Every structure is written in structure tokens, then in C-alpha cells.
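Data block below; observations after.
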There are 2 protein chains.
Amino acid sequence: MSALVKDNIVIAMKPSAHPRRGGRPLSFDRDAALDAAMRLFWQQGYEATSVAELTQAMGITPPSLYAAFGDKRRLFRAAVDRYLTGARTVEQIIGEAPTARDAARDLLMAAALGDTGESTPPGCLLASSLVTGSAEAAALREELAEIRRGIEARLRARIAQEQDPGEAEALAGHVMAVIQGMSTLAKDGADRAKLLAIVETALAGWPPG
Amino acid sequence: MSALVKDNIVIAMKPSAHPRRGGRPLSFDRDAALDAAMRLFWQQGYEATSVAELTQAMGITPPSLYAAFGDKRRLFRAAVDRYLTGARTVEQIIGEAPTARDAARDLLMAAALGDTGESTPPGCLLASSLVTGSAEAAALREELAEIRRGIEARLRARIAQEQDPGEAEALAGHVMAVIQGMSTLAKDGADRAKLLAIVETALAGWPPG
DNA sequence: CATATTCCATAGTGATTACTATGGAAGGTC
DNA sequence: GACCTTCCATAGTAATCACTATGGAATATG
């Protein structure tokens with residue numbers, strides 16, 4: 001099976017790996033369309049982004065959006081997954097760091113860089129697109145919260161290799177708070193230099209291992 | 001003039017201070033209604049909260065909401081103002097702190113306590129209710145961003161009394177990032193003890209004055 | 001008690017929302 | 001070239017949205 005499927009969504013599918021049986025070919029590039037949707041959700045958030053805005057940004061019509069992604073919720077999930085498998089994953093960042101402090105710093109640095117890209121919206125898609133929401137979006141909000149708690153758990157586990165558990169929980173929580181907070185500061189206009197200075201300040205109190 | 005007026009909204013008005021000239025009396029308590037609206041905006045955010053939900057929570061009908069507050073945007077601004085004039089204002093907190101570090105700690109503590117109230121939604125209304133939003137809400141988002149930047153500017157000015165300006169900017173930014181971030185952690189389920197531990201961790205690297 | 005003033009309940013308005021029915025278009029296959 | 005399969009454009013659907021028109025209710029005043 002050459003296509004990645006998650007939650008009944010075809011996430012990554014190479015055309016040549018999927019033998020076509022005839023029929024009209026897609027007139028749009030799925031990855032490019034998903035990328036456009038991701039940026040709009042990143043900039044405006046999930047509920048404030050309408051399907052009309054999505055289809056306009058993606059360059060397709062509503063029936064094409066629904067045929068390719070299922071519905072707005074699954075499109076959003078696909079956008080989040082695409083976001084999370086960007087340059088480097090959290091596992092890679094934490095796994096490659098020599099020390100827990102290095103892991104924290106690398107996560108903070110990646111967040112600061114990601115929050116202030118020149119060709120991407122300010123802030124972080126995971127941190128900002130569903131901070132609050134209606135009752136109807138509660139399940140989706142909880143999915144994002146679960147992803148964030150998972151990231152924190154991985155960092156805490158890494159820190160616990162060098163610090164006692166209580167210390168590890170506070171340090172991991174502090175790092176997550178700064179990551180979340182820098183996203184909003186970036187959306188409020190803070191530039192990369194400022195966020196990087198905040199990263200250094202956040203690490204200044206790191207206890208010796 | 002015994003009524004406080006802001007942005008053409010009557011914000012605080014004592015009935016006895018406003019001589020009535022006849023006519024049907026209000027059948028709802030304006031402060032209680034505003035309080036209910038504030039909690040709903042705090043929990044769900046501005047755009048994800050409908051007027052139907054607001055009127056249900058406030059115990060009034062749409063014409064009463066529009067008569068008392070003007071429109072949804074002005075109701076939201078009134079809710080934010082009510083939120084900001086809660087127990088203690090930022091000026092009071094910063095003004096009463098003996099040192100800049102105390103000011104930072106007191107702001108962080110107030111945020112941690114406010115984020116985890118027993119009878120209020122988790123998180124912070126100012127930090128979370130319009131992190132992202134549609135183009136139509138851009139002006140309102142910018143108003144909240146301006147309020148947040150104003151808080152940071154006051155803290156930075158206080159810190160600059162004891163530290164050089166570059167240090168003050170990074171320290172104030174770090175405190176704001178943690179305040180913002182703790183709001184989301186609280187919405188994700190973090191309890192008060194955890195947030196208070198994060199506050200201590202955040203202050204661990206404070207440079208000597 | 002009639003009138004004036006202010007407020008409320010009901011039933012809307014016009015626009016927007018997520019999503020879809022249907023006929024046609026664009027290919028592949030035999 | 002006819003048929004099959006897949007996709008697209010258009011024009012919707014039913015529900016929801018922020019907001020309001022209108023007649024009645026509840027007071028104060030003279």
C-alpha cells in the first residue's frame with residue numbers, strides 16, 4: 001500500500017504509485033492545495049476560516065474539496081499533520097539532542113524560527129488555530145491538546161533522564177508555556193530576534209544536570 | 001456624569017445614579033448579564049460564540065442585548081474591560097511590587113491563579129479569546145494585541161529600572177510568553193499546582209539587580 | 001385614567017455557513 | 001468511437017449567522 005491513510009484520509013499519495021483506472025485526471029495538485037489550506041488555517045484558525053475562503057485559496061471548488069478531503073474537519077486534520085511533518089519532527093529534535101537542555105533549546109529554537117517565517121503566517125498552527133472554540137469543535141480541540149500534551153510528555157521523559165521527576169515536569173511545562181506564548185507574541189508582531197532572546201532567557205535558569 | 005462611558009458603551013451604571021423618566025424597567029441585571037457573556041467569551045472565544053448562545057447565557061433576548069450593548073463586538077469589548085478591571089489591575093500589581101522580579105512574579109502568579117479558578121473557565125480571556133480570527137475580526141484582534149503589548153511595555157519599563165534595556169526586553173518578553181502559554185496549558189488541563197511550579201521555574205534564571 | 005417613555009417577545013431579515021445533487025468534461029479501455 | 005470511470009462547474013440545500021421591525025408590556029407622570 002503506497003498511500004498513507006489516516007482517519008480515512010489519504011494523506012500522502014504519489015500519483016505514479018497509484019495506478020489509475022481511467023477517468024478524468026485531477027486538475028489540481030493535492031499537496032499544493034493542502035499547503036494553501038494549511039496556511040489559511042495557520043493564519044486565521046480553524047473556525048474562523050470558511051470553506052469559501054479555503055476553496056478560493058486552494059484554487060478548487062467545494063465538490064473537489066469534499067471529494068479529496070471528505071469535509072472541513074478532515075481537511076484541517078490533514079493540514080495539521082502536514083504541518084507536523086515539516087522540516088523535522090519533535091522526535092527527531094529530542095532524539096538528536098546530546099542533553100535535555102539541548103533538546104529544550106532546540107525545540108524552543110525551532111518554534112521561534114517557525115513562528116517567524118518569511119513566507120508563512122506568524123505563530124504556530126498547532127499552538128494557535130483552536131485555542132478556543134465552539135462546543136461543536138470540542139473534539140477537534142481536544143485532539144490538538146492531546147498532540148501538545150504528547151510533545152510535553154516526550155520532553156519531560158527526556159529531561160527526567162537527567163533531573164528528578166518534579167523538576168522535569170516544571171521544566172517541560174515551562175518550555176511548553178514559552179513555545180505556546182511565543183506563538184501569540186509572533187502574531188502580535190514580535191520578530192525573530194526577540195523570540196530568540198526570549199529562548200535564551202527561558203534557558204538561563206536551567207539547573208545543572 | 002455618573003455613568004462610565006467607553007467606546008459609546010455604557011460600562012458601569014448605577015441605577016440610583018441615573019434618574020429614570022418613566023418607562024418599563026430593565027428586567028435583567030446588566031452586570032450579571034455582562035458577567036455571563038464574559039465567561040462564555042472566555043471559554044469559547046469571540047468568533048466561536050454566537051449571539052444565540054450569548055442571549056441564552058445572559059437570560060435576555062436579542063433586542064435587549066442590542067439595546068444594552070450595541071452589537072456583539074461592543075459586548076465583547078465590555079466583557080474584556082470587565083475582565084481587566086477584576087481583582088487587581090496590571091498597574092496595581094506592577095506598582096506595588098518592591099522589585100522588578102517581584103512585579104514579574106506577581107504578574108505570573110496572578111495569571112496562574114486566574115487561569116485556574118474554580119468558578120471561571122480555564123485560561124485567560126485576554127490571552128485566548130482572539131488568538132486567531134477572520135479578516136472581519138482583525139481590528140478587534142489588534143485591539144487585544146495592543147492591550148497585551150501595553151502590559152509588556154509597562155513590565156519592561158519596570159524591569160529597565162534595574163536592568164539594562166536589552167535584558168529588560170528579553171525578560172519582559174519571556175514573562176509575557178509564559179503568561180500567554182500558561183493560559184493554553186490551563187485550557188489543555190494543567191492544574192494550578194503545575195502552573196505555579198512553572199512560575200517558579202520561569203523566575204529561576206532572573207539576573208541579580 | 002390617559003398619555004408618554006422605555007423595555008420585551010416574537011417573528012422575522014438578508015447574508016453566510018458547511019455541504020451536495022446533477023449534468024457535463026476529460027481522460028482510459030476495448 | 002462507444003462505453004466506463006473519475007472529476008469539475010454550477011446551482012443549489014437546510015441551517016445558522018448578526019441583527020431588527022413591530023406590537024405589546026410595564027412603568028412614571030400629570
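Proteins come first, then strands; the chains are lettered A, B, ... in the order of their sequence lines, and each starts at number 1. All figures in this text were calculated on a predicted structure; none of them were measured in a lab.
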Please report, rounded to the nearest Å, how far the P atom of C:dT17 is from the CD atom of A:Q56. 12 Å
Would you say B:T49's side chain and B:G45's backbone share a donor-acceptor pair under 3.5 angstrom? yes
Distance test, side-chain N/O of A:S64 to OP1/OP2 of D:dC8, below 4.0 Å: yes
Donor-acceptor pair, side chain of B:W42 and main chain of B:S129, under 3.5 angstrom: no
The side chain of A:V51 lies closest to which of these nucleotides: C:dA18, D:dA26, C:dT10? C:dA18
Selected nucleotide, minimal atom distance to B:P62 side chain, candidates C:dC19, D:dC19, D:dC8: D:dC19
Nearest to the side chain of B:T61, heavy atoms from C-beta on, is which of D:dC17, C:dA9, C:dA26? C:dA9
Could you tell me how far apart A:I60 (CD1) and C:dC19 (P) are, to the nearest whole angstrom? 13 Å
Using the side-chain heavy atoms of B:Y66, tell me which of these nucleotides is nearest: D:dG24, C:dT20, D:dA18. D:dA18
If you look at every strand shown and take non-hydrogen atoms under 4.0 Å, does A:T49 touch a base, only sugar-phosphate, or nothing? sugar-phosphate
Assess whether salt bridge (Lys or Arg N to Asp or Glu O under 4.0 Å) is satisfied between A:D35 and A:R82, documenting all intermediate values. CA-CA 8 Å; A:D35 205 75; A:R82 180 175 182 85; 3.1 Å; yes
So B:R88 and B:E96, salt bridge (Lys or Arg N to Asp or Glu O under 4.0 Å) or not? Walk me through it. CA-CA 11 Å; B:R88 291 159 71 209; B:E96 290 162 14; 3.4 Å; yes
Considering only side-chain heavy atoms of B:S27, which listed nucleotide, D:dC19, D:dA9, C:dC8, is closest? C:dC8
In this structure, how many angstroms lie between the C1' atom of C:dT17 and the CD atom of A:Q44, rounded? 15 Å
Candidates C:dG24, C:dT10, C:dC7 - which lies nearest the side chain of A:R24: C:dG24
Taking atom P of C:dA18 as reference, at what distance in whole Å does atom CG of A:L54 sit? 8 Å
Just the rounded figure in Å: distance from P of C:dT20 to CG of A:D71. 8 Å
Look at the rings of A:H174 and B:H174 and say which category their plane angle falls in: under 30° parallel, 30 to 60° tilted, over 60° perpendicular. perpendicular
Starting at CE of B:M58 and ending at C1' of C:dC8, how long is that distance when rounded to a whole Å? 15 Å
Atom pair distance, as rounded to whole Å: CD in A:E136 and P in C:dA18: 12 Å
Nearest of C:dA18, D:dC8, D:dA18 to any side-chain atom of A:K72? C:dA18
Could you tell me how far apart B:L26 (CG) and D:dA25 (P) are, to the nearest whole angstrom? 19 Å
